[in-house]
Amino acid sequence: MAVRKPGLIALFDVDGPLTAPRKAVTPQMLEFMGELRKVVTVGLVGGSDLSKISEQLGKTVIDDYDYVFSENGLVAHKDGKLVGTQSLKSFLGEDKLKEFINFTLHYIADLDIPIKRGTFIEFRSGMLNVSPIGRNCSQEERDEFENFDKVQNIRPKMVSVLREKFAHLNLTFSIGGQISFDVFPQGWDKTYCLRYLDDFHEIHFFGDKTYKGGNDHEIYESERTVGHTVTSHEDTMKLCKTLFLTKP
């Protein structure tokens, strides 16, 4: 019978390491994560809210993993129970939020890109998610924008403008996924979830956007984690087999 190694947790970003961007997890990956959980404590940390993570990993996601950190850990679940939340509205205040949202919407209105859809700013508990094309776009339109953005640098340019304009708010801008970027106070990146993991002396983190400016960078570089860069769920499985499931 497998025995969990004490003091060790494997922590995974969702998009990329566990699923294709915004796609549902495969049965093979679900089965693998269940086997992995028998030998190590397993946690998730994603930038999306819990409803979007549930769309990808299943409605029982908070019961299927030991820790589930949505919105970078600003909403935290342990053993299926809510253990912490943080509010962007309470932190910044309504006036500062409105100032940022008004400027951002004006910027997007003047932005010349091939198509625009709807939901350009999504308000979450602990962050704003900004999408130049709009989150209501189809998967095909997502793919097209991602390729367009790689050439035209729409998101990096927008982030540069917002970072300069709102330097007084001490915000962090984190590009992730295909079509958007997250905005939150400094320190509210994915390292925020680590405050719930003081019982672990060995924290392995698996992410795909670990480069500077990517939404996995801060936790990947943290002195508290052993960071791993992966490119797909197949890559994740292969690496985890080597690290955790292969007998010495």
Chemist: Can you tell if the side chain of D149 reaches within under 4.5 Å of the side chain of I133, non-hydrogen atoms only?
Modeler: no

Chemist: Counting only N and O atoms by type, is there a donor-acceptor contact under 3.5 Å from the side chain of T242 to the main-chain atoms of K238?
Modeler: yes

Chemist: What are the two closest non-hydrogen atoms of P6 and H201, and how far apart are they?
Modeler: O-NE2, 3.7 Å

Chemist: Once you round to the nearest 0.5 Å, how far does CZ of F184 lie from CG of N170?
Modeler: 13.0 Å

Chemist: Atom CG in L50, atom CD in E55: separation rounded to 0.5 Å?
Modeler: 10.5 Å

Chemist: Given side-chain contact (heavy atoms from CB on, under 4.5 Å), test R142 with R135 step by step and report yes or no.
Modeler: CA-CA 9 Å; R142 279 175 171 267; R135 297 193 63 87; 3.8 Å; yes

Chemist: Could you go through the ring-ring contact (aromatic ring centres under 6.0 Å, His included) check for Y196 and Y67 one step at a time?
Modeler: CA-CA 9 Å; Y196 296 100; Y67 291 85; 8.1 Å; no

Chemist: Under 3.5 Å, is there a donor-acceptor pair between the side chain of R155 and the main chain of V130?
Modeler: no

Chemist: Do L243 and V40 come within less than 4.5 Å of each other through their side chains, counting heavy atoms only?
Modeler: no

Chemist: Tell me, do L92 and L171 make a side-chain contact under 4.5 Å, heavy atoms counted?
Modeler: yes

Chemist: Please answer whether the main-chain N or O of P17 pairs with a side-chain N or O of H233 as donor and acceptor at a distance below 3.5 Å.
Modeler: no

Chemist: Do you reckon F166 sits in the same ILVMFWY cluster as I108, going by side-chain contacts under 4.5 Å, direct or chained?
Modeler: yes

Chemist: Count I, L, V, M, F, W, Y as connected when their side-chain heavy atoms are under 4.5 Å apart, and connections chain through other members. Are V159 and F100 then in the same cluster?
Modeler: yes

Chemist: Nearest heavy-atom pair of V25 and L18: which atoms, and what distance?
Modeler: CG2-O, 3.8 Å

Chemist: Can you label the angle between the F206 ring and the F12 ring as parallel, tilted or perpendicular, going by 30° and 60°?
Modeler: parallel

Chemist: Would the distance check show the side chain of Q56 and the main-chain N or O of V14 forming a donor-acceptor pair, the cut-off being under 3.5 Å?
Modeler: no

Chemist: Looking at I62, L57, D66, which hits side-chain contact (heavy atoms from CB on, under 4.5 Å) with L44?
Modeler: L57

Chemist: Please report the interatomic distance OG1(T41) to CG(L8), rounded to the nearest 0.5 Å.
Modeler: 7.0 Å

Chemist: Do the side chains of K38 and E35 get close enough for a salt bridge, i.e. N-O under 4.0 angstrom?
Modeler: yes

Chemist: How about Q186: does its CD atom have over 12 heavy atoms from other parts shown lying under 6.0 Å from it?
Modeler: yes

Chemist: Give the intermediate values and the outcome of side chain to side chain donor-acceptor pair (under 3.5 Å) for residues T26 and Q28.
Modeler: CA-CA 5 Å; T26 66; Q28 180 189 23; 4.8 Å; no

Chemist: Taking all atoms of both residues into account, what is the closest heavy-atom pair of S222 and T191, and its distance?
Modeler: CB-CG2, 4.3 Å

Chemist: Is there side-chain contact between V45 and F205, with heavy atoms separated by less than 4.5 Å?
Modeler: yes

Chemist: Could you list the donor-acceptor pairs under 3.5 angstrom formed by side chains in residues 75-82, with sequence neighbours left out?
Modeler:
none

Chemist: Taking K190 as the fixed residue, which of D182, D216, N72 is the one that meets the side chain to side chain donor-acceptor pair (under 3.5 Å) rule?
Modeler: D216

Chemist: Are T236 and F32 close enough that some pair of their side-chain heavy atoms sits under 4.5 Å apart?
Modeler: no

Chemist: With a sphere of 6.0 Å drawn around NE2 of H168, does it hold more than 12 non-hydrogen atoms of other residues, nucleotides or ligands?
Modeler: yes

Chemist: Tell me whether L197 shares a hydrophobic cluster with V42, the cluster being built from Ile, Leu, Val, Met, Phe, Trp, Tyr side chains joined at under 4.5 Å.
Modeler: no

Chemist: Which heavy atom in L128 sits nearest to a heavy atom in I101, and how many Å separate them?
Modeler: CD1-CG1, 4.2 Å

Chemist: Is there a donor-acceptor pair under 3.5 Å between the side chain of R124 and the backbone N or O of S70?
Modeler: no

Chemist: Without swapping roles, check the side chain of K165 against the backbone of F103 for a donor-acceptor pair under 3.5 Å.
Modeler: no

Chemist: To the nearest 0.5 Å, what is the distance between CD on E71 and OH on Y192?
Modeler: 11.0 Å

Chemist: Rounded to the nearest 0.5 Å, how far apart are OG1 of T229 and NE2 of H217?
Modeler: 10.5 Å

Chemist: Say whether, by atom type as modelled, one donor and one acceptor occur between the side chain of S180 and the main chain of N129 under 3.5 angstrom.
Modeler: no

Chemist: Sequence neighbours excluded, which residues qualify as ring pair (Phe, Tyr, Trp, His ring centres under 6.0 Å) partners of Y220?
Modeler: none

Chemist: Indicate if L194 and V68 have the same hydrophobic cluster label, given that clusters are the connected sets of ILVMFWY residues with side-chain heavy-atom separations under 4.5 angstrom.
Modeler: no

Chemist: Please step through side-chain contact (heavy atoms from CB on, under 4.5 Å) for the pair L162 and Y107, ending with a clear verdict.
Modeler: CA-CA 9 Å; L162 292 174; Y107 184 98; 5.6 Å; no

Chemist: Any heavy-atom pair between the side chains of F181 and V183 that's under 4.5 Å?
Modeler: yes

Chemist: Would I179 end up clustered with I121 when hydrophobic side chains under 4.5 Å apart are linked, directly or stepwise?
Modeler: yes

Chemist: Donor-acceptor check, side chain of K209 to backbone of G16, threshold 3.5 angstrom: yes or no?
Modeler: no

Chemist: Do Q178 and D15 have side-chain N/O donor and acceptor atoms under 3.5 Å apart?
Modeler: no

Chemist: Angle class for the W188/F91 ring planes (parallel below 30°, perpendicular above 60°, tilted otherwise)?
Modeler: tilted

Chemist: Would you mind reporting whether P114 and F148 have side-chain heavy atoms less than 4.5 Å apart?
Modeler: yes

Chemist: Count the heavy atoms belonging to other residues, nucleotides or ligands that lie under 6.0 Å from CG of N102, then report whether that count exceeds 12.
Modeler: yes

Chemist: Nearest 0.5 angstrom please: L97 CG to L88 CG, how far?
Modeler: 5.0 Å

Chemist: Checking side-chain contact (heavy atoms from CB on, under 4.5 Å) for the pair E234/M29: CA distance, chi angles, key distance, verdict?
Modeler: CA-CA 8 Å; E234 293 94 348; M29 192 63 187; over 6 Å; no

Chemist: Tell me which one of E141, E144, E140 satisfies salt bridge (charged side-chain N to carboxylate O under 4.0 Å, His left out) with R117.
Modeler: E141

Chemist: Is there side-chain contact between K89 and F123, with at least one heavy-atom pair below 4.5 Å?
Modeler: yes

Chemist: Are any of the side-chain nitrogens in R224 or D198 under 4.0 Å away from the carboxylate oxygens of its partner?
Modeler: yes

Chemist: If I compare all heavy atoms of M158 with all of P132, which pair ends up nearest, and what's the gap?
Modeler: SD-CG, 4.0 Å

Chemist: Would you call K52 and D49 a salt bridge, using N to O less than 4.0 angstrom?
Modeler: yes

Chemist: Shortest non-hydrogen contact from G73 to C193?
Modeler: CA-CB, 4.0 Å

